[in-house]
J.: 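The following block contains the structure, expressed as structure tokens.
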Amino acid sequence: MNPAQLLDFNVPLDVPLLEATVDLMYGAGTPEQILESVIRYKWGALPLEQREGIKTFLSNLIIRYSSDEATFRREATFVNKLNVILVQILKHDWPVRWKTFIPDIVSASRTSETLCENSMRIFKLLSEEVFEFSRLDLTQAKTKELKVNLNSEFGLIHELCVFVLCNTRKPDLIRSTLDTLSVYLTWVPLGYIFESNLLHFLLQLFPQPAFRNVALQCLTE
């Protein structure tokens, strides 16, 4: 098996080789990030069918490793790498070719606390990529498109954050939610802050040592 073949732009993408490479990356801990390189540099040249296949494969892999508490904790580094790769795909395909991404991930997040925790990490990465790092590898037009759509769909993310803060007592999920809010509060419309019970939750969490620093970060924003 030669994973470098995946970077040969002159031949069609070998999906079985891609899957085997992902398995190798996971099983052997190789530092070669072939899958990420394919998405960064060859994504636009891939046929639509292959793009959809990779998106489905990656989404299912993330769900698989995020739905079980023990697996999610044990494979945290691997899951985080999958999240990064997923966000790279979103930068290419969302919203035009993946219109339902945010509604789908919000809906799935309500079924599992660990899945929800990982969704928060994905949302955080997405905001950082769009509002902080987009100048590195996106055109101004694409950056504007992503910002407009992330702003328009933030209501669903906001609802999920409030739902979590209302219903969970799991420290890891609360911290992940606050971490996500801290990056979104730098740019969201003020109505989401002052016309909801978000401030109430932040002030309620601030006195608790486990959440004080990240709650303060949100309040500062």
Side-chain angles (χ1 to χ4, degrees), residues 39 43-44 48 51-52 54-56 58-63 66-67 79-80 82-168 173-202 214 217-218 221:
I39 292 167
W43 190 253
L48 179 60
R51 290 192 197 183
E52 294 303 315
I54 293 172
K55 283 153 62 174
T56 299
L58 185 61
S59 298
N60 289 339
L61 201 59
I62 290 174
I63 292 172
S66 302
S67 298
V79 174
N80 185 64
L82 295 177
N83 292 341
V84 171
I85 293 172
L86 177 66
V87 170
Q88 293 303 319
I89 291 177
L90 290 172
K91 287 163 62 178
H92 290 286
D93 277 14
W94 182 77
V96 175
R97 288 182 292 272
W98 205 346
K99 294 180 180 180
T100 64
F101 170 73
I102 288 183
D104 288 348
I105 193 174
V106 167
S107 177
S109 297
R110 294 174 181 264
T111 65
S112 163
E113 286 188 310
T114 52
L115 188 58
C116 184
E117 182 180 339
N118 193 59
S119 296
M120 291 298 177
R121 296 178 182 180
I122 292 172
F123 288 141
K124 182 175 184 288
L125 287 170
L126 181 59
S127 179
E128 290 173 338
E129 285 290 329
V130 171
F131 283 88
E132 297 179 34
F133 308 131
S134 58
R135 65 185 182 278
L136 299 177
D137 58 358
L138 294 175
T139 64
Q140 289 185 346
K142 183 60 177 180
T143 298
K144 182 179 180 180
E145 179 188 31
L146 292 175
K147 287 182 177 179
V148 167
N149 282 278
L150 192 55
N151 194 308
S152 68
E153 296 202 45
F154 176 70
L156 291 173
I157 301 173
H158 177 266
E159 289 178 9
L160 181 62
C161 291
V162 172
F163 174 80
V164 168
L165 297 178
C166 280
N167 293 283
T168 190
L173 178 52
I174 294 173
R175 276 193 295 269
S176 184
T177 301
L178 294 178
D179 280 335
T180 297
L181 280 171
S182 71
V183 298
Y184 278 82
L185 290 175
T186 62
W187 57 264
V188 297
L190 294 179
Y192 286 112
I193 302 172
F194 297 109
E195 297 174 13
S196 72
N197 50 1
L198 183 57
L199 276 176
H200 166 76
F201 289 119
L202 293 175
V214 67
Q217 186 176 347
C218 291
E221 294 297 347

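A quick note: this is a predicted structure, and the numbers were derived from the prediction, not measured. Side-chain atoms are counted along with the backbone in the values below, which use heavy atoms only and exclude waters and symmetry mates.
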J.: Taking all atoms of both residues into account, what is the closest heavy-atom pair of Arg97 and His92, and its distance?
T.: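 Reported closest heavy-atom pair: NH2-O, 3.2 Å.
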
J.: Can you measure from CG (Leu150) to CD (Glu129) and round to the nearest 0.5 angstrom?
T.: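 Those atoms lie 12.0 Å apart.
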
J.: Given side chain to side chain donor-acceptor pair (under 3.5 Å), test Thr168 with Glu113 step by step and report yes or no.
T.: CA-CA 8 Å; Thr168 190; Glu113 286 188 310; 2.7 Å; yes

J.: Just by distance, do the side chain of His158 and the backbone of Tyr192 share a donor-acceptor pair under 3.5 Å?
T.: yes

J.: Taking the side chain as every heavy atom from C-beta outward, state whether Leu165 and Leu181 have any atom pair closer than 4.5 Å.
T.: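 The answer is yes; the side chains approach within 4.5 Å.
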
J.: For the residue pair Asp93 / Trp43, report whether a side-chain donor-acceptor contact shorter than 3.5 Å exists.
T.: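 Checked: Trp43/Asp93 side chains pair up, N/O donor to acceptor below 3.5 Å.
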
J.: Does Asn149 offer a backbone N or O that forms a donor-acceptor pair with the side chain of Ser152 under 3.5 Å?
T.: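 Yes: the side chain of Ser152 pairs with the backbone of Asn149.
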
J.: Can you tell if the side chain of Val164 reaches within under 4.5 Å of the side chain of Ser176, non-hydrogen atoms only?
T.: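 No - every pair of side-chain heavy atoms lies 4.5 Å or more apart.
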
J.: Can you tell if the side chain of Phe201 reaches within under 4.5 Å of the side chain of Asn197, non-hydrogen atoms only?
T.: yes

J.: For the side-chain contact (heavy atoms from CB on, under 4.5 Å) test, which of Leu160, Thr177, Thr111 pairs with Cys116?
T.: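 Exactly one pass, corresponding to Leu160.
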
J.: Can you find a pair of side-chain heavy atoms, one from Glu145 and one from Val96, that are under 4.5 Å apart?
T.: yes

J.: Yes or no on side-chain contact (heavy atoms from CB on, under 4.5 Å) for Ile157 and Glu153, after CA distance, side-chain angles and deciding distance?
T.: CA-CA 7 Å; Ile157 301 173; Glu153 296 202 45; over 6 Å; no

J.: Between Ser59 (side chain only) and Thr56 (backbone N and O only), is there a donor and an acceptor less than 3.5 Å apart?
T.: no

J.: Side chains of Leu146 and Lys142, heavy atoms from C-beta outward: is any pair under 4.5 Å?
T.: yes

J.: Which pair of heavy atoms, one from Glu221 and one from Leu185, lies closest together, and at what distance?
T.: CB-CB, 3.9 Å

J.: Just wondering, do Trp98 and Ile89 contact through their side chains at under 4.5 Å, heavy atoms?
T.: yes

J.: Nearest 0.5 angstrom please: Leu199 CG to Ile193 CD1, how far?
T.: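 Answer rounded to 0.5 Å: 7.0 Å.
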
J.: For the atom pair CG (Leu82) and CD1 (Ile63), what is the distance rounded to the nearest 0.5 Å?
T.: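 Output value for this atom pair is 11.5 Å.
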
J.: Nearest heavy-atom pair of Ile85 and Leu58: which atoms, and what distance?
T.: CG2-CD2, 3.7 Å

J.: Are Lys124 and Met120 packed together at the side-chain level, in the sense that at least one heavy-atom pair is separated by less than 4.5 angstrom?
T.: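 Side-chain contact under 4.5 Å: no.
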
J.: Give a yes or no on whether the backbone of Ser66 and the side-chain of Thr114 come within a donor-acceptor separation of less than 3.5 Å.
T.: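 Yes, Thr114 side chain to Ser66 backbone: donor-acceptor pair under 3.5 Å.
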
J.: Compare all side-chain heavy atoms of Phe123 with those of Tyr184 and state whether any distance is below 4.5 angstrom.
T.: yes

J.: Before giving the answer on side-chain contact (heavy atoms from CB on, under 4.5 Å), spell out for Asn151 and Val188 the whole-Å C-alpha distance, their side-chain angles and the decisive distance to 0.1 Å.
T.: CA-CA 7 Å; Asn151 194 308; Val188 297; over 6 Å; no

J.: Applying side-chain contact (heavy atoms from CB on, under 4.5 Å) to Phe101 and Ile122, what does each step give before you reach the verdict?
T.: CA-CA 11 Å; Phe101 170 73; Ile122 292 172; 4.0 Å; yes

J.: Enter the distance from Asn83:CG to Asn118:CG here, rounded to the nearest 0.5 Å.
T.: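 CG of Asn118 is found 4.0 Å from CG of Asn83.
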
J.: Would you give the length of the straight line joining atom OG of Ser119 to atom CD1 of Ile102, rounded to the nearest 0.5 angstrom?
T.: 11.0 Å

J.: So, taking the atom named CD in Glu128 and the one named CZ in Phe133, what distance separates them when rounded to the nearest 0.5 Å?
T.: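 Reported to 0.5 Å precision, the distance equals 5.5 Å.
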
